[in-house]
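The structure appears right after this line, and notes come after that.
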Protein chains: 2
Amino acid sequence: MRLISLLVCSLLVSSTLPALAADEKVDLALVNKIRDEGTNRSKIMETLSVLTDEIGPRLTGSPSLKKAGDWSKAQLTEWGLQNAQVVSIAPFGRSWVLEKAAMRMVAPSNLELVAIPKAWTPGTDGVKRGKVVYAKLENDDDLAKWKGKLKGTIVLRDAMTPTKLHTTPDAKRYTDQELHDLEHMDLGGAPARPPTDMAELAKRMAFAKKINPYLTEEGVIATVNVSRGDDGTIFVAGGGSYKQGEPTGPSALVMSTEQYNRVFRLIEKKKDVEVEVEVAVNFGDEDPANSINVFADIPGTDKKDEIVMLGGHLDSWHAGTGATDNAAGVAVAMEAVRLLKAINFKPRRTIRIALWGGEEQGLLGSRDFINKNVAARPESTDPKEKDLPSFMRRPTGPLMLKPLHGKISAYYNLDNGGGKIRGIYAENNAAAKAIFDAWLAPFHDLGAKTATLRKTGSTDHVSFDAVGVPGFQFIQEPMDYFTRTHHSNMDLFDKIQKGDMMQAAMVMANFVAHTANRDELIPRKPMPPEPARPAAR
Amino acid sequence: MRLISLLVCSLLVSSTLPALAADEKVDLALVNKIRDEGTNRSKIMETLSVLTDEIGPRLTGSPSLKKAGDWSKAQLTEWGLQNAQVVSIAPFGRSWVLEKAAMRMVAPSNLELVAIPKAWTPGTDGVKRGKVVYAKLENDDDLAKWKGKLKGTIVLRDAMTPTKLHTTPDAKRYTDQELHDLEHMDLGGAPARPPTDMAELAKRMAFAKKINPYLTEEGVIATVNVSRGDDGTIFVAGGGSYKQGEPTGPSALVMSTEQYNRVFRLIEKKKDVEVEVEVAVNFGDEDPANSINVFADIPGTDKKDEIVMLGGHLDSWHAGTGATDNAAGVAVAMEAVRLLKAINFKPRRTIRIALWGGEEQGLLGSRDFINKNVAARPESTDPKEKDLPSFMRRPTGPLMLKPLHGKISAYYNLDNGGGKIRGIYAENNAAAKAIFDAWLAPFHDLGAKTATLRKTGSTDHVSFDAVGVPGFQFIQEPMDYFTRTHHSNMDLFDKIQKGDMMQAAMVMANFVAHTANRDELIPRKPMPPEPARPAAR
């Protein structure tokens with residue numbers, strides 16, 4: 001391990017000057033082979049169907065994530081990849097499997113409600129019936145006001161949410177103009193985001209911690225939030241806590257918007273609304289085998305100790321089958337390496353596919369990989385710090401680089417739904433953009449043509465970029481990702497378009513193969529500055 | 001009662017020549033009052049909320065239709081209407097109330113399925129668990145093939161249904177061009193629809209009658225159809241039978257498309273899929289009080305024995321709360337008469353609001369009214385004929401006109417969803433169109449401006465038009481009626497736009513008031529020709 005300051009110099013010296021697109025070599029014979037295999041003998045929808053229809057949702061910490069890991073390890077091995085392994089990222093937290101969830105209004109009239117439990121909230125211990133109340137619980141005064149009044153109730157946590165008429169399409173593809181705008185930046189354009197008010201955030205987090213014990217103590221049967229979706233689409237992620245020993249509160253569900261609003265209006269009209277609810281979950285202790293990353297290699301030749309990585313995240317939320325988020329990314333990455341094996345591609349550098357766990361809980365799988373193999377700061381010994389989300393923790397010391405840091409040429413990630421690739425976010429790396437422009441050229445006819453210097457976040461390439469290793473996420477068609485499938489009960493196989501997936505796998509294979517075989521590593525940006533170390537709290 | 005041939009002459013003589021728009025009187029002082037009350041003191045959303053949120057779905061023959069009838073009778077009386085009455089349209093058939101419906105996949109993994117029973121199919125008599133099979137049952141060979149193999153199974157009745165990416169908006173409003181096209185007709189444009197092959201239809205109906213007894217005899221637990229909707233929207237209407245004594249078959253549900261497809265793919269992959277299903281229904285004998293029409297009057301003055309009617313249908317399907325189909329039409333008609341009472345309008349003719357039952361089962365309520373009061377053919381005494389849908393029955397004799405036939409100036413219906421009125425279908429009545437053009441003029445600014453000679457069908461104005469009494473349906477914005485709400489679980493209050501409903505009530509009030517006060521009845525078209533009487537089968 002070396003300190004950053006030493007390594008930054010060596011990296012800047014060793015990397016080539018930014019190549020212009022025209023100078024970057026493109027192996028069109030290789031492109032031909034990738035396009036032939038990817039177009040005529042694609043297996044991507046079979047891969048997707050196993051992950052979604054057969055294995056189903058793959059919540060981190062749960063047996064189905066292990067199952068997905070075991071299956072993908074075996075499949076990658078069958079396709080000829082080597083060193084396939086499932087690596088635990090424990091400690092993570094508890095296993096949670098939804099067994100059953102039913103909610104119906106039984107007074108003033110019958111109505112089958114579509115309501116889905118939040119992950120890591122408990123069951124109801126059989127069928128329970130209770131009066132529905134709306135209780136705003138946003139500060140200590142609210143808690144005092146409702147004290148003693150919620151026993152045996154089902155508590156609505158949100159005000160009514162108006163729905164909108166869908167006069168714009170749920171699903172869209174980028175227009176040429178939008179792609180042009182994505183590539184061209186107005187640096188003065190967006191107002192700077194105000195810095196997070198850490199004191200305010202800490203206050204809100206402290207209050208949030210009171211809610212679950214309060215609801216349990218008050219004897220609430222279940223809580224219900226309104227979904228942000230409509231038309232039967234329900235967006236639902238986690239609640240309770242996956243951390244061993246933390247209070248989970250009572251059963252917590254998210255209900256379809258229009259039904260929630262109906263119940264809410266009835267309560268506003270002073271009608272007595274009662275519901276019957278039964279939630280059964282299998283809430284298990286931590287099993288390290290259920291919190292995993294999966295890796296497999298196509299070993300390199302003359303530069304085999306350098307690696308190029310690609311991947312997506314294997315874990316998902318539980319309401320659908322995690323088709324667009326992110327079986328799509330996993331299947332595309334798997335198909336990309338299958339293509340390269342099928343055409344007998346011999347990479348100079350080692351190609352490593354990584355299927356991450358724990359992405360939905362904060363990029364846990366990719367961070368685990370980075371911490372163990374690429375770069376890390378010392379672990380904090382302060383128990384208070386451990387309780388905080390990672391972005392709120394004080395840096396414990398300088399970033400320590402590990403052997404792989406200088407060896408990873410780039411990591412390519414796909415995690416923006418089921419649409420085809422329209423380009424790539426070059427993450428402010430102008431040298432990389434010039435290279436990507438060249439590699440995109442033979443895929444312009446399939447719609448992939450834009451390399452933008454813009455950054456994008458919220459998925460696993462960030463873990464690489466954060467420690468100075470080139471990590472990139474592709475630009476994908478928006479489709480109906482944010483309107484219908486992202487973290488919803490509609491994140492299902494049918495939402496994926498076959499032609500889009502085939503294209504994405506070919507583009508990804510092309511990027512990976514060219515990264516593996518170019519003379520130099522992908523040029524790097526300057527290392528990120530060391531954060532200031534605030535005084536101990 | 002007189003024979004038609006006599007009356008046709010008298011009608012043609014008594015009606016005025018078609019008025020030109022410019023000649024038709026428009027009472028702008030009246031329009032001002034209607035627009036003031038309808039804009040500033042609208043109660044339409046309160047009416048809608050009672051019908052949908054409080055009373056809920058209003059299936060014909062079921063207690064909630066009676067409840068809706070009783071409530072609307074009382075409300076209309078409270079607003080000052082007279083002679084409010086609830087009139088039975090029995091015999092109709094059985095009462096059916098959905099108490100509970102839960103379906104979940106329990107193997108190969110757990111999944112809460114969104115599946116809604118078809119009306120008038122039975123419950124499962126507790127929780128049942130069974131293997132899922134896909135059985136195509138479309139002819140006698142299919143029945144023979146599956147004989148003895150379906151005991152204790154849940155039968156998928158449909159092949160997999162591909163879903164489409166929603167690249168066009170679910171909801172739309174008419175453009176000026178579309179309204180222009182709606183008003184202007186190319187008579188040679190649409191190819192003539194081939195006449196229904198009655199022999200083929202009879203054959204299919206005969207086969208269909210075998211299915212329910214077959215499924216019951218084979219010991220099938222439940223059948224499942226795929227919904228035509230997606231994203232969680234499920235379209236479901238009736239199954240089984242509402243006719244006392246007819247076989248209903250086993251419980252029959254409709255499942256959300258993407259989930260159905262997942263189950264279907266698992267079966268195609270030879271996975272053993274099992275589901276647990278529990279449906280509880282309250283399937284009651286006929287109660288004549290549950291199959292009803294509602295009427296109420298604003299009595300006329302100098303022409304009080306002539307009437308102008310307006311309405312929508314009070315009955316609905318059961319999966320939602322029948323908000324757009326057709327609490328919207330009912331609420332608009334109720335608001336229209338409320339407006340006229342609130343502004344103290346004194347009509348020359350009697351204004352009669354009609355809220356129909358049994359529309360969804362074939363315009364039963366409006367036909368009952370027409371048969372009893374306006375025009376009827378003799379009842380068939382052939383029991384075979386009684387089994388046939390009305391459009392397949394042989395005419396039993398000439399249409400006999402009753403006293404009200406010559407007294408109804410027009411009937412105005414609203415039953416195309418929750419959107420505002422853009423105009424009216426003049427049903428090939430050029431004389432009426434000229435009048436309507438004049439009445440629409442003061443509502444052009446609110447988007448109502450198109451009177452088209454086109455005909456439209458599938459709702460209660462047809463019952464009037466079929467016997468030569470002017471019956472009209474308004475043109476409404478398409479909104480998301482056919483994509484999301486029509487006969488679906490999403491036909492809920494939130495799908496209704498307040499501004500649209502307010503506008504529709506004012507336009508309807510305006511049409512009704514002007515019809516009530518013009519010197520002549522609305523001109524009539526020639527009587528429909530007597531159908532040929534085929535030889536007895």
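What you see below is based on every heavy atom in this structure, not just the backbone, and it leaves out hydrogens, waters and symmetry mates. Letters A, B, ... are given to chains in the order of the sequence lines, protein chains preceding strands, and every chain is numbered from 1.
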(request) Any chance you could measure B:Ser256, atom OG, to A:Asp494, atom CG, to the nearest 0.5 Å? (result) 9.5 Å
(message) Please classify the contact between A:Thr167 and chain B as side chain, backbone, both or neither, with a heavy-atom cut-off of under 4.5 Å.
(response) both
(message) Under 4.5 Å from any heavy atom of chain A, what part of B:Thr168 do you find: side chain, backbone, both or neither?
(response) backbone
(message) Please classify the contact of A:Lys164 with chain B as side chain, backbone, both or neither, using a heavy-atom distance under 4.5 Å.
(response) neither
(request) Give, for atom CD of A:Gln497 and atom CG of B:Leu165, the distance between the pair rounded to the nearest 0.5 Å. (result) 4.5 Å
(request) Quick one: closest heavy-atom pair of A:Ser49 and B:Lys269, and the distance? (result) OG-NZ, 2.7 Å
(request) Heavy-atom distances under 4.5 Å only: say whether A:Ile116 touches chain B with side chain, backbone, both or neither. (result) neither
(request) Provide the full list of salt bridge (Lys or Arg N to Asp or Glu O under 4.0 Å) pairs with a residue in residues 102-117 of chain A, sequence neighbours left out, each pair given once. (result) A:Arg104-A:Glu112, A:Arg104-A:Glu276
(message) Quick check on the interface: out of B:Ser109, B:Pro57, B:Ala101, who has the most heavy-atom pairs with chain A under 4.5 Å?
(response) B:Ala101
(request) May I ask you to name which of A:Ala171, A:Ala102, A:Gly56, A:Gly320 has the most heavy-atom pairs under 4.5 Å with chain B? (result) A:Ala171
(request) Residue by residue, scan residues 478-493 of chain B and write down, ordered by number, those that have a heavy-atom distance under 4.5 Å to chain A; if none do, write 'none'. (result) B:Met479, B:Asp480, B:Arg484, B:Met490, B:Leu492, B:Phe493
(message) Does any backbone or side-chain atom of B:Arg265 lie under 4.5 Å from a heavy atom of chain A? Answer side chain, backbone, both or neither.
(response) side chain
(message) Please classify the contact between A:Val273 and chain B as side chain, backbone, both or neither, with a heavy-atom cut-off of under 4.5 Å.
(response) neither
(request) Name the region of B:Ile234, side chain, backbone, both or neither, that has any atom closer than 4.5 Å to a heavy atom of chain A. (result) neither
(request) May I ask you to name which of B:Thr321, B:Val114, B:Ile55, B:Asp53 has the most heavy-atom pairs under 4.5 Å with chain A? (result) B:Asp53
(message) Under 4.5 Å from any heavy atom of chain B, what part of A:Lys271 do you find: side chain, backbone, both or neither?
(response) side chain
(message) With a sphere of 6.0 Å drawn around NZ of A:Lys131, does it hold more than 12 non-hydrogen atoms of other residues, nucleotides or ligands?
(response) no
(message) For a side-chain contact (heavy atoms from CB on, under 4.5 Å) check, start with the C-alpha distance between B:Glu54 and A:Leu266, then their side-chain angles and the critical distance, and finish with the verdict.
(response) CA-CA 7 Å; B:Glu54 295 184 39; A:Leu266 288 172; 3.9 Å; yes
(message) Once rounded to the nearest 0.5 Å, what's the spacing between atom CG of A:Leu111 and atom NZ of B:Lys100?
(response) 14.5 Å
(message) With chain A as the partner, which of B:Pro108, B:Gly232, B:Ser64, B:Pro162 has the greatest number of non-hydrogen pairs under 4.5 Å?
(response) B:Gly232
(message) Could you check whether B:Lys495 pairs with A:Asp231 (Lys NZ or Arg NE/NH1/NH2 to Asp/Glu carboxylate O, under 4.0 Å)?
(response) yes
(request) Decide yes or no on side-chain contact (heavy atoms from CB on, under 4.5 Å) for B:Asp170 and A:Asp170, but give the supporting numbers first. (result) CA-CA 8 Å; B:Asp170 290 345; A:Asp170 289 344; 3.4 Å; yes
